[in-house]
Number of protein chains: 2
Amino acid sequence: MNIKDIAKISGVGISTVSRVLNNSGVVSDTTRARVLSVVKQYNYVPNSNARNLKKTQSNTIALMIKGISNPFFANMIKEVERQVHLRGCPLMIQQVEDGVDEIAAAMQLIREKNLYGVIFMGGTYDHSEEEFKQLGIPFVLTTITTMKEVDPNVFSSVSIDDVQSAYKATNYLISLGHRNICFMARYPLMENTIGNRRLLGYKKALEEHGIEYDSALVEDCEYAPSFGFAAAKRLLSKNLGVTAMFAASDAIAIGAAKAVLSSGLSIPGDISIVGFDGIEMAEYYHPSLDTISQPGVEMAHVSVEILFDLIAGETANRHVVFESMLVKRGSSRKIN
Amino acid sequence: MNIKDIAKISGVGISTVSRVLNNSGVVSDTTRARVLSVVKQYNYVPNSNARNLKKTQSNTIALMIKGISNPFFANMIKEVERQVHLRGCPLMIQQVEDGVDEIAAAMQLIREKNLYGVIFMGGTYDHSEEEFKQLGIPFVLTTITTMKEVDPNVFSSVSIDDVQSAYKATNYLISLGHRNICFMARYPLMENTIGNRRLLGYKKALEEHGIEYDSALVEDCEYAPSFGFAAAKRLLSKNLGVTAMFAASDAIAIGAAKAVLSSGLSIPGDISIVGFDGIEMAEYYHPSLDTISQPGVEMAHVSVEILFDLIAGETANRHVVFESMLVKRGSSRKIN
DNA sequence: GATGTGTATCGAAACGATTCGATTTTACAA
DNA sequence: TTGTAAAATCGAATCGTTTCGATACACATC
């Protein structure tokens, strides 16, 4: 069943059917009604391969994501799907594994599928201006840090201020009287990663309060409970008199909390903990974990909005920085 | 840059380029090398819309998923993406919201995109044999219950035995001396839902041990911590002398545990808890939650394998039932 | 009645691939 | 050389759309 069949059955030309289906050009009301009824009756769905071929553009959006199993992204993916779907577009998902070039992978898809737009989510992108430019279609970076200095007119982005957020968390712990605060993140020592941005905020807070930075208190740690657990164990075994831990993700914080509790220490009695992200599980941990909460769903929503604005012809790239929120629950306490 | 350009530059006909790229038919080694070098030099990627149009079949796989933000599915989605990607196919994801007809939604995509295959993941499907048949392309149901009796020759599936698994969990609690065991799941009273299957196993265990079933101990509850928390609160407030809780998901169990702990009761001192799924967070909860673990990643893997077997021409539908595993950690104890 | 102006519709061409029947080239025996 | 089969290659037709220039008709205007 194709457009020709529909045309024949409706007794009109194929271009008329096309105009009816695309709401383009003029069609008399009676013709429109007749065509639509035939379409409905035969349950006709236009072939998007043919359409995309002709238009040399598909309506498909691709989501390139690093860390797909990170629970913080789950709700974001859900919202991206929802918003994209709402606009009548199919969503393609491609996971970007460590070590693969995300721009190259996207380029492949773009040429193959004539994509409408791309959302990049998660991780750290080590690309030059030129590489971003060569994408040639609208795209948005969400919760991503770029390692190179790239002209902001070249891309759109949705993010939070990682330095400021980590600063806020660390400040909070300091205000509670903590001095020996450790920090766990992925690649904290590698410049321009998210881990490094958060380390910067952590350092800034220490510095402002005259607390000396001690690299022994910083642990490299993947964003998952098992790594947080191991990192916290290592930290505790160093006997540095740690009274507080700041984790760059709730998943890490949950693992770290487990390490603390299973060592016979209490939270927040002996150790205070602050996480990052604001995932639901952290709230239901016992004790409920304090955290820096990111508005993930809103960020996903705005990412899609920006993307479709660009697709609609908007030429100015936007950079939206959301405010993170320090959520105080039950995992920190005042000491001294 | 299209196949014609490549043909011209290589000094060969377009069909030769096509044969080189698809490894179909004969091409002399020298010609093949020449074409490939041009393809590489110009970074040519065949347009899949054109290819799919001609072949009236695309290589796209669709994943229709209910409950995309459920952490148990995160790893499954990741594995599905990985396996599909490994086979050189793009993956389309569509979220199936409550109340939408998943088969109809899939049909739309199938006709629009000439899909290669579909994986349905999560939830309960209320469809007849006819409806499944009309899909007309290979598909696999993963972690899904079907409400109607459908001829197993009509579909392939990957699952665990929900009745048996819940039976195992309940039996375990009973063996520890518990009598007043409550049960939390989604739609436990609606026939053929996953919640109901697990309820059946729960009931079976009770019955075998001469414990009377008490519907006051059963709570309807969505698969998320907040709902588990509320359900457990309701249960505790009934003062039924509950000593154990069995939750049909770890997310529920985590919420329930929070309700127990924040009521000043201890786990497993006062209340024993067993969850379901085997998500990482449950292990790092404190105390570590006992659970019925499902091999999600393997299930995802096998689902993709079956799907591609069907695509390759396999005509016999397969039904793989994985073994779930009772994982004893620290949230249950022997009483009396 | 000739001309002009909308309105509604038509169908051929094009998008970029695959494929199959036709054609050319090569290899080798006679 | 020639004949012939096998190997290599060619290009037209096709997939199902969109789009644009052309057409047909009704009606008003002069």
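Note on naming: letters A, B, ... go to the chains in the order of the sequence lines (proteins, then strands), and numbering restarts at 1 for each one.
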So that I can tick it off, tell me whether B/Arg318 and B/Asp309 are bridged by a salt bridge, with the cut-off set at under 4.0 angstrom between side-chain N and carboxylate O. yes

Which residues in residues 36-55 of chain A have at least one heavy atom lying under 4.0 Å from any atom of DNA chain C? A/Leu53, A/Lys54

For DNA chain C, what residues of residues 106-118 of chain B have any heavy atom nearer than 4.0 Å? none

Are the side chains of A/Leu109 and A/Met92 in contact, using a 4.5 Å heavy-atom criterion? yes

Determine to 10° how strongly the helix from C/dG1-D/dC30 to C/dA30-D/dT1 is bent, judged from the axes of its five-pair ends. 70°

Hey, does the side chain of A/Lys133 reach the backbone of A/Val154 with a donor-acceptor pair shorter than 3.5 angstrom? no

Residues of residues 12-33 of chain A with any non-hydrogen atom less than 4.0 angstrom from an atom of DNA chain D: list those, numerically ordered, please. A/Ile14, A/Ser15, A/Ser18, A/Asn22

Validation row, ring centre A/Tyr223 to ring centre A/Phe72 under 6.0 Å: no

What is the distance, to the nearest angstrom, from the CD1 atom on B/Ile3 to the C1' atom on D/dG11? 12 Å

Could you check how far CG of A/Asn2 sits from P of D/dT14, rounded to whole Å? 14 Å

B/Arg34: partners by side-chain hydrogen bond (donor to acceptor under 3.5 Å, both in side chains), with sequence neighbours left out: none

Please identify the 5'-most and 3'-most nucleotides of DNA chain C with any atom under 4.0 angstrom from a heavy atom of chain A. C/dA8 to C/dG16

Decide whether A/Asn114 and B/Asn47 meet the rule of one side-chain donor and one side-chain acceptor closer than 3.5 Å. yes

